[in-house]
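Heavy atoms only: backbone and side chains are in, while hydrogens, waters and symmetry mates are out. First the proteins, then the strands, lettered A, B, ... as listed; each starts at 1.
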Protein chains: 2
Amino acid sequence: MGVSIVDVAAQANVSTATVSRALRGLPRVSESTRAKVLATAQSLGYVASPSASGLASGRTRTVGVLVPFLDRWYFGHVIEGMDQVLRDNGYNLLLFSLGGYRHGKMRRFTESMVRKQIDALVVLTLGLSAEELRQLHRTDIPLLSVGGPVEGCSGVYIDDGAAATAAVEHLIALGHRRIGYLRAGIQDEKNFEVPALRTIAFETALAKAGLELRPAWCMVGDFTVAEGQRAAARIFDAPGEQPTAIFSGSDEMALGLIFEAQRRGIRIPAQLSVVGIDDHEFSASAGLTTVGQKPLEHGKTAAGMLLAELGGTPHSLRETLMPFELMVRDTTAPPPR
Amino acid sequence: MGVSIVDVAAQANVSTATVSRALRGLPRVSESTRAKVLATAQSLGYVASPSASGLASGRTRTVGVLVPFLDRWYFGHVIEGMDQVLRDNGYNLLLFSLGGYRHGKMRRFTESMVRKQIDALVVLTLGLSAEELRQLHRTDIPLLSVGGPVEGCSGVYIDDGAAATAAVEHLIALGHRRIGYLRAGIQDEKNFEVPALRTIAFETALAKAGLELRPAWCMVGDFTVAEGQRAAARIFDAPGEQPTAIFSGSDEMALGLIFEAQRRGIRIPAQLSVVGIDDHEFSASAGLTTVGQKPLEHGKTAAGMLLAELGGTPHSLRETLMPFELMVRDTTAPPPR
DNA sequence: CTGTTAGCGCTTTCAG
DNA sequence: CTGAAAGCGCTAACAG
């Protein structure tokens, strides 16, 4: 049933080695031979068996993507971007989803899941334990993080500190002095730095402006709308003075906050300003002021670096800071007098 | 560097054939031998090479998932569910993203992308052309659709007609007689039936209640928030009488509509009721009344059937209707008098 | 520029 | 229950 390389070779009156070279675009094949091989391969509908070439060459032309879960705006876009450039270059994308660290028990990611299956691994915005990192490094395939820094490997992401600073300074410039914070934290991943970076930036910006950081205005959520809503409720329910503005560590939480504010009749931005980070696909429609990033580009950039590295250009993997941009929309305004 | 099956065989004083059998749990291996093999494999950190076993057996233990794009709530959850059960059974998930048909030019999905790489293919909510279907069937690997029916292959999805009917009848039961419709359509995919099924159900339910279908209240969008918002704006801007309720073919569009209504000061549900389909993760927080479905379960179910089929139980792939449920929340109420 | 020849690491008859 | 041996389909030296 399957037409193999020998069929093509026979049909084209050349050796299998020549067919292999011709089809892979290697040098040392005359143009006429190459054309002939290409034509007969085409006419026979020949496609090389990935298993066979993988076994023979030791390369699988597949990159693995390790992701905590898929139902998150950022992840979907990064993967989409990676898949686009990977596939355009004849590479496959093998997905490893951990099924969520939110459930507390992160499925064990073992070196064996990866072994001999992929030529490179991308770790999506996710902290790995020291032990896991050690294992991964031991496989000695290129390793790259996307979405945040991971110690011991290069990464593609925005400067989270600077982005958070931009958000908070926008609020301060507007005249806000009572600023709250929805912190996007993830319990199980102590290692993962993005939340911490944003938090530090928030605190620094506040301190620089001589503003007070009130614990009652700072709540932690897990990046999701539902958690944003819950965290917002806790702030709104707190006795005493309310903040006039809230910075949310993710747009999804900011949206949850907005929903909760609406439910309570709190008017945004008249009574309360909100700024997020991400530019989630819902944000423009919701009119949410945010610091936007472009995960699709993160994915493309990461894939490009990986391809270069695998293509034989060493040291193609480098720390890469992607751009971000403050997008002022309708949820921020000067504080009420 | 790599420890291979011969190392294990040597170490355990058995043949490679026995190692292979023992490790794969095949019968005809004594328990003592199996234990010994398992132990030495473990101690050597042996993992079989997928390329080699794929080449030798003709099976890759990988299932492909063809998806139009990833940044959609439904897709992410389905994939997550599939990946969970697939991986628990030693299967891998290879992702093929078409990069979106919304851009008009769907990247050509050729049989060659699939060939010899996967043991089965899942097509996610996506219409394929007759030609593409023919090609896929020719590869003779099991084919399964998820999210909607695809002619010529079994599928896992909800009864879209019944779900839409439930939504509309809820509106009618509330007393609404002027009902609008945000149609979730996809231009490039004439073949894909889900939008049509929902539309027919909408029209039928209206007719059954003796209600008028006004073109000015029916707008088409592409499933996204942004489009929902645009479509809603078109309805709101239309001269003449406004609907008192709107049924949206997807929660994402319903949310867009809600954002637009808010922007214009239209009060929901006092002035306008809204009901969607999906139970998107944002819907509960937004208080959106909707007909919920559980894509994670769709994915698990699909993967289970595939595994059974690949495991040697023929005819495991069958048309499977998944449950849905009307979830009444805060966006529906009787029409204003 | 092209052909020969070994494998790559496993699975799978077929014997025993 | 276990072993020997023949490939699976391709790539990668090495010749020529």
Side-chain angles (χ1 to χ4, degrees), chain A residues 1-38 40-41 44-62 90 92 112 115-119 310-312, chain B residues 1-38 40-41 44-62 90 92 112 115-119 310-312:
Chain A
M1 39 149 292
V3 22
S4 88
I5 199 171
V6 310
D7 301 314
V8 179
Q11 185 81 195
N13 280 312
V14 293
S15 69
T16 61
T18 299
V19 174
S20 180
R21 290 183 197 113
L23 258 27
R24 285 183 298 155
L26 296 186
R28 293 153 159 251
V29 179
S30 75
E31 271 323 308
S32 61
T33 307
R34 188 187 304 276
K36 184 172 55 178
V37 170
L38 251 51
T40 83
L44 263 42
Y46 170 74
V47 186
S49 153
S51 296
S53 68
L55 179 56
S57 69
R59 273 165 268 111
T60 59
R61 291 191 79 82
T62 295
N92 280 129
S112 64
R115 251 186 144 167
K116 301 173 187 164
Q117 306 215 66
I118 59 181
D119 296 343
L310 293 173
Chain B
M1 38 150 288
V3 22
S4 86
I5 198 172
V6 311
D7 302 313
V8 180
Q11 184 81 195
N13 278 311
V14 293
S15 69
T16 60
T18 298
V19 174
S20 179
R21 291 184 195 111
L23 259 27
R24 284 183 300 156
L26 295 186
R28 293 152 160 256
V29 179
S30 74
E31 272 321 308
S32 62
T33 309
R34 188 187 305 276
K36 184 174 55 179
V37 171
L38 251 50
T40 82
L44 262 43
Y46 169 74
V47 185
S49 152
S51 295
S53 67
L55 180 56
S57 69
R59 273 165 268 109
T60 59
R61 291 192 79 82
T62 296
N92 281 129
S112 65
R115 250 185 144 165
K116 299 173 188 162
Q117 305 216 65
I118 59 182
D119 295 344
L310 293 174

As a check of understanding: the bend across the helix from C:dC1-D:dG16 to C:dG16-D:dC1, end axes from five pairs, rounded to 10 degrees, works out to 30°
side-chain hydrogen bond (donor to acceptor under 3.5 Å, both in side chains) partners for A:T33, two or more places apart:
A:S30
Tell me the interatomic distance from B:L55, atom CG, to D:dC8, atom C1', rounded to whole angstroms.
4 Å
Are OP1 or OP2 of D:dC1 and a side-chain N or O of B:T33 less than 4.0 angstrom apart?
no
Report yes if at least one side-chain N or O of B:S57 is closer than 4.0 Å to OP1 or OP2 of D:dC8; otherwise report no.
no
Ranking B:N13 and B:A52 by the position along DNA chain D of their nearest nucleotide, the one closer to 5' is B:N13
Residue pairs meeting salt bridge (Lys or Arg N to Asp or Glu O under 4.0 Å), one or both in residues 25-38 of chain B, sequence neighbours left out, come to B:E31-B:R34
Classify B:A48 by what it touches in the nucleic acid, base, sugar-phosphate, or nothing, heavy-atom distance under 4.0 Å.
sugar-phosphate
Using side-chain heavy atoms (C-beta onward) and a distance below 4.5 Å, is B:T60 in contact with B:Q117?
no
Residue pairs passing the side-chain hydrogen bond (donor to acceptor under 3.5 Å, both in side chains) test where at least one lies in residues 8-24 of chain A, sequence neighbours excluded:
A:S15-A:T18, A:S20-A:R24
Short question: side chain of A:K116, backbone of B:V47 - any donor-acceptor pair under 3.5 Å?
yes
Can you give the first and last nucleotides of DNA chain C, 5' to 3', that have an atom under 4.0 Å from a heavy atom of chain B?
C:dG9 to C:dT13
Side-chain N or O of B:R34 versus OP1/OP2 of D:dT2: is the shortest distance under 4.0 Å?
no
In whole angstrom, what separates B:K36's NZ from D:dC1's P?
14 Å
For D:dG9 and A:T16 - does any side-chain N or O of the residue sit under 4.0 Å from the phosphate oxygens OP1/OP2?
no
Listed once per pair and sorted, the side-chain hydrogen bond (donor to acceptor under 3.5 Å, both in side chains) pairs that draw on residues 46-58 of chain A, sequence neighbours left out
none
Could you state the interatomic distance from CG (B:N92) to CG (B:D119), rounded to the nearest 0.5 Å?
10.0 Å
Among A:V29, A:L38, A:V37, A:D7, whose side chain to side chain contact (heavy atoms under 4.5 Å, CB included) with A:V19 holds?
A:V37
Near DNA chain C, which residues from residues 19-27 of chain A have a heavy atom under 4.0 Å away?
A:R21
